[in-house]
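Counting starts at 1 for both ligands and their atoms, following the listed order.
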Amino acid sequence: METAKAISDLRFKIKFIFRAGVWKPRTRPETFQGVGEPALEWLQEVKRTYGVPVATEVATPEHVEAALKAGIDYLWIGARTSASPIAVSAIGSAIEDWRLKIGDLKGIFIKNPVNQDAELWLGNIARLEKTGVPVMAIHRGCGHQPCWSMAHKVRLARPDIPMLLDPSHMSGDAAQVPVLMGKVAELGLDGAMIEVHCKPFEALSDAKQQISPDGLMSALKVLNDATKSPNDEPSAPNDKELNWLRAEIDELDERLWDTIAARMDVSRRIGEWKKAHHVAPLQPERYKEIVDRIKDKGDFALRIWEIIHEESLRQQK
Ligand code: PEP
Ligand code: MN
């Protein structure tokens with residue numbers, strides 16, 4: 001298969017791990033929940049046939065036991081599990097117990113918690129480091145927002161551990177995956193976790209974010225061209241500091257525009273209500289009440305609010 005050959009060529013430059021979620025933490029119970037334990041045999045087959053290390057997601061001590069017994073090389077802890085320190089500690093204890101008996105776990109990836117909480121992510125890294133297994137962070141954003149400031153905090157606090165980007169879950173959009181791969185190089189991240197499906201539109205989970213094997217090749221090429229060789233020094237986050245800060249500020253700008261657009265939408269609905277009830281767009285008492293409130297925030301805030309309000313009135317006419 002051409003794709004398999006191209007991937008195995010790239011492997012000499014990029015360390016490649018095959019990921020597949022056997023147990024899927026889905027939002028709704030009526031959706032596909034993963035195949036469960038029988039699918040661990042599929043991962044064993046991938047490992048035997050292609051000689052690549054394999055990874056799966058664990059959310060309970062039972063998952064850890066089954067995965068380690070099946071010889072899974074890497075485990076990852078998903079964003080929902082990462083929101084619970086008790087669950088992460090229980091997984092850590094199970095890794096300690098079973099690894100001694102079974103052996104060869106090469107690494108644990110910990111995703112950021114779904115809620116934007118850098119401290120909890122750092123706490124989870126520390127919880128898992130107790131196992132003695134190498135721990136790596138995966139930045140997957142919060143929902144479909146990048147939350148760069150959270151990742152930046154963790155990168156600065158723990159420059160000694162690798163951080164990967166998960167462009168699939170961060171964007172929830174296949175078209176954005178290659179675009180976000182550029183961030184891996186820009187921010188000096190150490191790799192990426194990407195979801196791939198042979199027939200993306202038929203995927204049973206997150207179909208919109210799946211890329212095809214060909215799409216994976218393009219995404220890997222972006223990364224390969226932009227990544228240093230494995231013999232180079234580990235990335236120094238300070239070289240990339242300005243890029244991190246720009247990622248943070250670009251995201252804040254995006255949120256600002258989204259908030260203004262949401263505000264305009266409410267304002268238009270207020271306009272419709274006023275029309276239906278024969279109320280004039282500008283109500284002096286209401287105007288004064290808002291200005292008094294915003295004045296406390298200073299002149300700059302008032303100037304911005306006045307521009308927004310003027311546009312709101314224009315839209316209500
Ligand atoms: C996954 O990696 O398939 C997954 C469910 O990710 P997350 O925990 O980031 O949502
Ligand atoms: Mn997924």
Side-chain angles (χ1 to χ4, degrees), residues 16-37 39-40 42-43 46 53-60 63-64 67 72-88 90-92 107-118 120-121 124-125 127-128 135-148 150-151 154 162-177 180-181 183-184 189 191-213 215-216 219:
F16 184 81
I17 300 169
F18 185 97
R19 65 142 267 166
V22 165
W23 299 281
K24 307 284 300 167
R26 305 301 305 289
T27 304
R28 299 199 57 109
E30 69 277 14
T31 58
F32 176 63
Q33 307 291 302
V35 170
E37 222 168 300
L40 291 171
W42 304 346
L43 283 173
V46 169
V54 292
T56 201
E57 173 168 350
V58 289
T60 66
H63 293 166
V64 171
I72 301 300
D73 302 288
Y74 293 86
L75 303 177
W76 86 81
I77 296 173
R80 289 172 183 81
T81 311
S82 179
S84 161
I86 292 177
V88 174
I91 290 169
I108 312 166
F109 296 100
I110 173 83
K111 292 203 183 191
N112 63 272
V114 259
N115 50 326
Q116 185 168 355
D117 192 341
L120 181 54
W121 195 5
N124 285 342
I125 291 167
R127 285 180 182 95
L128 294 168
V135 175
M136 292 158 280
I138 299 182
H139 178 42
R140 56 87 74 221
C142 327
H144 294 320
Q145 297 212 322
C147 292
W148 294 118
M150 169 183 59
V154 170
M163 182 184 278
L164 279 65
L165 186 72
D166 174 349
S168 311
H169 291 88
M170 177 176 281
S171 65
D173 176 3
Q176 286 302 311
V177 171
L180 281 170
M181 290 303 275
K183 285 277 181 235
V184 175
L189 295 176
M193 179 191 250
I194 307 171
E195 280 198 347
V196 179
H197 197 285
C198 294
K199 295 178 182 162
F201 297 111
E202 291 175 23
L204 295 178
S205 71
D206 295 338
K208 283 196 209 132
Q209 73 194 31
Q210 311 291 335
I211 58 172
S212 66
L216 174 66

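Side-chain contact between Gln176 and Pro167: absent, with no pair of heavy atoms (C-beta onward) separated by less than 4.5 Å. The shortest side-chain heavy-atom distance between Met181 and Ile194 falls under the 4.5 Å cut-off.
Results of the side chain to side chain contact (heavy atoms under 4.5 Å, CB included) test with Asn124 over Val135, Thr81, Ile108, Val88 single out Val88 as the only residue that passes.
With sequence neighbours left out, Ala175 forms a side-chain contact (heavy atoms from CB on, under 4.5 Å) with Asp173. For His169, the side-chain contact (heavy atoms from CB on, under 4.5 Å) partners at least two apart in sequence or on another chain are Arg19, Lys111, Arg140, Asp166, Glu195, Asp206, Gln209.
Residue Trp76 comes nearest to Gly21 through the heavy atom pair CH2-N, 3.8 Å, listed as atom of the first residue, atom of the second, then distance. In terms of heavy atoms, Gln116 sits closest to Cys142 at CB-SG, 3.8 Å. Closest of all the heavy-atom pairs between Asn115 and Ala83 is OD1-CB, 3.8 Å. Taking all atoms of both residues into account, the shortest heavy-atom contact from Val54 to Leu43 is CG1-O, 3.6 Å.
Every protein residue with a heavy atom nearer than 4.0 Å to ligand 1 is included here: Arg19, Lys24, Glu57, Trp76, Gly78, Ala79, Arg80, Lys111, Arg140, His169, Glu195.
Taking 2.8 Å as the limit, the number of protein N, O or S atoms around the Mn ion (ligand 2) is 2.
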